[in-house]
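First up is the structure itself, then whatever we jot down about it.
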Amino acid sequence: RYVASELATDIAVTVGDVKFYLHKFPLLSKSACLQKLVASGNEQNCDEVQISDIPGGSVVFEICAKFCYGMTVNLNAYNVFATRCAAEYLGMYETIEKGNLIYKIDIFLNSSIVHSWKDSIIVLQTTKSLSPLSDELKVAGLCVDAIATNACIDVSKVDWSYTYNRKKLPEENGNDPNFNGVKSRPVPKDWWVEDLCELEIDLYKRVIMSIKTKGIQSHEVIGEALKAYSYRRLPGFSKGVIHSRDVGKYRSTVDTIVWLLPAETGSVSCSFLFKLLKAAIIVDSGEMAREQLVRQIGQQLEEASLNDLLMRAAEREDVMYDVDMVKKIVNKFLMQDRNAEYESEENEVQEIQRSGILTDASKLIVAKLIDAYLAEIAKDPNLPLSKFVDLAETVSCISQPTHNGIYRAIDMYLKEHPWISKSERKRICKLMDCKKLSADACMHAVQNERLPLRVVIQVLFFEQLRGAAATSSGTSTPDLPKSLKNPNGGSHGSSRSAPTNPEEDWDSVSATEELKALKTEL
């Protein structure tokens, strides 16, 4: 490359694969680095200088050379940081000449870049390739603070043009015939979340941390930002998977998102937390990240759906679903009540009121959810009885008005595992209270050949007592249907209480009464 001049060039500067034929005077008047290189070359009678490691390469060196010649240089968000690094490399300081390139670039950064939402993000992105210098020159920190400050300003001062990644509104495209030139839609508090998804995870972490430190944005908005980033940066996240041949490269992203999650309950949805947990398992995140997700899910488990709970087990496992993980989550949910009871005992005089105390409604919802989950996992032929029973017993402390849900799950398990022994059938049936079955469930149970005979007799007996009580009170029991109800069409169940008739109580009903009840019902 040559400079247009009538004077003959007196120095050749090689940068990478490009050789620049230039003049010593304009270069040496502004660059301390070139002064040293040329002085060293003069001692060896050489007019060529080699520069191999200048930031930005030959393109950015040309910008610096043009500045030395007094030519107009075009700086923008895409090249300003690399030019700043190159100027630092070349030693273009104020001590060499007043108004040098470093001074000019710093003014441009502070007066223009940091006041532009879009340019601040672009410059921050460009610092990634030159990360050691970005912190040394404090450019990355400058951009992070500028972005965080802009994200926290009052929405009344935000123009929609800030959000350059969002889809334009009809009136902005000129497609709205009713648009009169006045902005009618208010700017939402999370207007900035989509734009930050352009950042790599380490830069994104710094920006979110800066926003959180300012203490202006709510934890719900922070949660929305993390949700948007997860959906953008983790392929397949919306379906609870990671679509990639190398899932390990997403471990840092998942771990960082988990680390950035606000501690406040409700900052993100329970469904989102479950997706994060599934992703953490897939990318093999550390135990600390998984434990944090289990704890936060447990704090809002009543918001979960059956699909959330259906987490696939590891490939090395024989079972289909990760039942142990669900049990951990349920235990975390119930632990809130135990913690509240402990605090109440420690503070008997002062009543303890906190959000962690579970309501009866939330406990009923969770127990109903576990009923549905048990019915679903019961279809797995490899599911051990112990896993089924252990999970069912975990929520047995929750008092329930009906046990239709657990009956449906038990029946499904017996149907898919016809080979289990008599003692195992007896064990699984102890999970339900026959007195808490509805009339339709009782009608199905008494004709269910998969149930042990003693259970059938118990159902008949308690149904007889119910009928007798109804007759004595002047009410009538519901007419039993002529055909059996399909158990799969029944309720997924309300939650349930601990079994009130364990094995030792079953024998309290005399054989005479059982036979009498059986004959009456038949």
Side-chain angles (χ1 to χ4, degrees), residues 327 330 334 337 358 360-375 377-378 385-415 420 422-470 473 477-478 480 484-485 487-488 490-511 513-514 517-518 520-521:
K327 184 181 176 183
V330 175
L334 296 173
D337 242 7
L358 299 176
D360 290 339
S362 65
K363 288 188 283 189
L364 289 174
I365 291 171
V366 168
K368 180 178 179 181
L369 178 65
I370 298 304
D371 282 342
Y373 179 73
L374 287 169
I377 65 174
L385 178 67
S386 58
K387 285 186 179 288
F388 183 96
V389 173
D390 287 349
L391 179 58
E393 289 178 343
T394 302
V395 292
S396 64
C397 59
I398 302 176
S399 179
Q400 305 296 332
T402 175
H403 275 201
N404 286 4
I406 187 60
Y407 168 66
R408 175 176 177 269
I410 291 170
D411 182 55
M412 184 65 68
Y413 191 89
L414 295 175
K415 180 180 179 181
I420 65 174
K422 183 178 179 180
S423 61
E424 289 175 324
R425 289 173 182 270
K426 195 173 183 180
R427 181 186 177 193
I428 194 173
C429 288
K430 285 167 62 178
L431 294 170
M432 66 176 176
D433 185 348
C434 297
K435 296 194 298 292
K436 292 190 175 183
L437 295 180
S438 67
D440 288 347
C442 287
M443 190 60 188
H444 183 275
V446 298
Q447 302 184 57
N448 189 343
E449 297 179 353
R450 293 184 283 272
L451 296 178
L453 179 59
R454 181 172 292 276
V455 175
V456 176
I457 293 175
Q458 281 289 301
V459 173
L460 287 171
F461 175 72
F462 290 120
E463 186 63 19
Q464 174 65 18
L465 291 181
R466 182 189 302 171
S473 63
T477 56
L480 295 177
L484 298 178
K485 295 276 186 179
N488 292 330
S491 169
H492 279 201
S494 29
S495 315
R496 55 192 175 281
S497 64
T500 57
N501 54 337
E503 183 176 354
E504 58 269 18
D505 291 340
W506 289 15
D507 294 330
S508 64
V509 182
S510 67
E513 290 175 324
E514 289 175 344
L518 179 61
T520 302
E521 288 296 326

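Both backbone and side-chain heavy atoms feed into the values below; hydrogens, waters and symmetry mates do not. Source: prediction; values computed, not measured. We count residues from 1, following the sequence as given.
Here the options are Leu460, Ile457, Val459, the test is side chain to side chain contact (heavy atoms under 4.5 Å, CB included), and the partner is Cys434; only Val459 passes.
Counting all heavy atoms, side chain and backbone alike, Ile428 lies closest to Tyr413 at CD1-CD2, 3.6 Å. Contact detail for Leu364 and Ser399: the closest heavy-atom pair is CD2-O, 3.5 Å. The minimum heavy-atom distance linking Val456 with Ala445 is given by the pair CG2-O, 3.8 Å. The minimum heavy-atom distance between Ala378 and Ala409, with the atom names listed, is CB-O, 3.9 Å. Across all their heavy atoms, Pro452 and Arg425 have their closest contact at CG-CB, 4.0 Å. Taking both residues in full, the closest heavy atoms of Tyr407 and Asn448 are given as OH-ND2, 3.1 Å, listed atom of the first, atom of the second, then distance.
The backbone N or O of Ile410 sits nowhere less than 3.5 Å from a side-chain atom of Arg450 that would complete a donor-acceptor pair. Between the side chain of Thr394 and the backbone N or O of Asp390, at least one donor-acceptor pair lies under 3.5 Å. With Thr402 contributing its side chain and Lys436 its backbone, the two residues share a donor-acceptor pair below 3.5 Å. Not one N or O on the side chain of Asn404 forms a donor-acceptor pair closer than 3.5 Å with the backbone of Ala441.
Here Lys327 pairs with nothing under the side chain to side chain donor-acceptor pair (under 3.5 Å) rule; sequence neighbours left out.
Rounded to the nearest 0.5 angstrom, Leu437 CG and Lys435 NZ are separated by 10.5 Å. Atom SG of Cys442 sits about 11.5 Å away from atom CD of Gln458, to the nearest 0.5 Å. Summarising the geometry, atom CE belonging to Met432 is positioned 14.5 Å from atom CZ belonging to Arg408; distances are rounded to the nearest 0.5 Å. To the nearest 0.5 Å, atoms NZ (Lys415) and CE (Met412) are separated by 6.0 Å. Within the model, atoms CG of Asp433 and OG of Ser396 stand 12.0 Å from one another, a figure rounded to the nearest 0.5 Å.
With contacts defined as side-chain heavy-atom distances shorter than 4.5 Å, the pair Ile420/Leu414 qualifies. Contact annotation: the side chain of Ile370 approaches that of Leu374 to within less than 4.5 Å [non-hydrogen atoms, C-beta and beyond]. By the 4.5 Å heavy-atom criterion applied to side chains, His444 and Asp411 are counted as neighbours.
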